[in-house]
S.K.: 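Right, I'll just put the structure down here and ask away after.
By convention here, the first residue in the shown sequence is residue 1. Note that the structure is predicted; figures quoted are calculated from it, not measured. The basis for the numbers below is simple: all heavy atoms, side chains too, and nothing from hydrogens, waters or symmetry mates.
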Amino acid sequence: MMGMVNKKLAVELENSEIDALHSRLNAIQEIKGNPMGVEMKRFGNATAFSCKNIPGPAFNTVKGLSSEDERYLEEILDFYRQKEIPVRFEVTPAHASTELFHQLHRLGFYQSDFHTTLYMPISEVSASADDSLSIRKMEKHEASTYADIYVQGFQMPAFLKDGVAQNNAVLFDDNRWTFYLASVDGEPAGIGVIFIKDRIATLAAAATLPSFRNRGIQRALIQERIHQAYREECSLVVGQATFGSVSQNNMERAGMRIGYSKAIWAKGLGQN
């Protein structure tokens, strides 16, 4: 039977996501000269993640923010202002409060989106992997293949491929990270990544080449990673997805349940 969602579990789910992002950015930060301009800083319970040379919200976000951290909001904004990086706040139901939302609104932010966190306790039921596709672990020298699928899967500009390869190659040396490649008739078709820490397995990234979509590749990759979590005696599998997306649906088909939807707060138009 699924564990019921309570505040303790919600905090565990949130912390697993924070741990995965911290591990990823720490590895990128340690590349000689820190070419991506990574910096992370704690403000109370919140962690401010920044990656100046990788645009977009994925690596430039505040996680773990709680109602106790209202007094740090101005400092957090200054942290990003100095780097000239837009910031967004991710607020989970376990840490939300009317006062925190009022303060964010006062500072010119608005709720712009929802993002879903899913989970599944590991049990005997999750022990079997989907063997309908060829799936294997990737090696460090295949970071370019990973990047090619990732960039095409997310329809990113091709010139970003080398950076994606470099920023993920450094994770192959960390045994908490595992990269999987799914192939169809010998052709690389999709990738999936898992991060394991403190017996919690986080589904960290996944992408499928457009020409191989709607063939069950992501579902198979989710099952493969759940199988690894079972083998390594994890207690939970955690994943994140855009609300109502194909990714969320695939996780639910694999037996994962919605833990909560977090609120994404961004700066209002015309606000500095």
S.K.: Can you list every pair that meets side chain to side chain donor-acceptor pair (under 3.5 Å) and has a residue in residues 188-216, with sequence neighbours left out?
M.R.: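 For residues 188-216: T208-Q218.
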
S.K.: For the residue pair F212 and A189, what are the closest heavy atoms and their distance?
M.R.: CG-CB, 3.5 Å

S.K.: Only one of N168, D174, N167 passes side chain to side chain donor-acceptor pair (under 3.5 Å) with R24; say which it is.
M.R.: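 Considering N168, D174, N167, a side chain to side chain donor-acceptor pair (under 3.5 Å) with R24 is found only for N168.
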
S.K.: With side chain to side chain donor-acceptor pair (under 3.5 Å) as the test, pick out the partner of K262 among E14, E17, Q240.
M.R.: E17

S.K.: Using side-chain heavy atoms (C-beta onward) and a distance below 4.5 Å, is L203 in contact with L221?
M.R.: no

S.K.: Taking T178 as the fixed residue, which of E224, K137, Q228 is the one that meets the side chain to side chain donor-acceptor pair (under 3.5 Å) rule?
M.R.: Q228

S.K.: Keeping the roles fixed (side chain from R225, backbone from V193), state whether a donor-acceptor pair exists under 3.5 Å.
M.R.: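 Confirmed, R225 side chain pairs with V193 backbone.
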
S.K.: Under a 4.5 Å side-chain heavy-atom rule over Ile, Leu, Val, Met, Phe, Trp and Tyr, are M120 and V11 clustered together?
M.R.: no

S.K.: Under 6.0 Å between the ring centres of F109 and W265?
M.R.: no

S.K.: For I54, is there any backbone N or O sitting under 3.5 Å from a side-chain donor or acceptor partner on N60?
M.R.: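 Checking the backbone N and O of I54 against the side chain of N60, a donor-acceptor pair under 3.5 Å is found.
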
S.K.: Under a 3.5 Å distance rule, please check whether D69 uses its side chain to pair with a backbone N or O of Y72 as donor and acceptor.
M.R.: no

S.K.: Short question: side chain of K7, backbone of P93 - any donor-acceptor pair under 3.5 Å?
M.R.: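 Not a single qualifying donor-acceptor pair exists.
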
S.K.: Could you check whether any side-chain N or O of Q166 sits under 3.5 Å from a backbone N or O of D162, counting only pairs where one atom can act as donor and the other as acceptor?
M.R.: no

S.K.: State, to 0.1 Å, how close V151 and A158 come at their nearest heavy-atom pair, and which atoms those are.
M.R.: CG1-CA, 4.2 Å

S.K.: List the atom pairs, with distances to 0.1 Å, where a side-chain N or O of residues 33-40 and a protein N or O form a donor-acceptor pair under 3.5 Å, not counting sequence neighbours.
M.R.:
from	atom 1	to	atom 2	distance (Å)
N34	OD1	V38	N	3.1
N34	ND2	V38	O	3.0
E39	OE1	K83	NZ	2.3

S.K.: May I ask you to decide if A58's main-chain N or O and T61's side chain share a donor-acceptor pair within less than 3.5 Å?
M.R.: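 Here the side-chain-to-backbone pair does not exist.
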
S.K.: Return all side-chain donor-acceptor pairs below 3.5 angstrom for residues 141-150, not counting sequence neighbours, or 'none' if the list is empty.
M.R.:
from	atom 1	to	atom 2	distance (Å)
E142	OE1	R136	NH1	3.1
E142	OE1	E139	N	2.8
E142	OE2	R136	NH1	3.3
E142	OE2	R136	NH2	2.5
D148	OD1	Q152	NE2	3.2
D148	OD2	Q152	NE2	3.2

S.K.: Looking only at heavy atoms, what is the nearest atom pair of R106 and Q103, with distance?
M.R.: NE-OE1, 3.0 Å

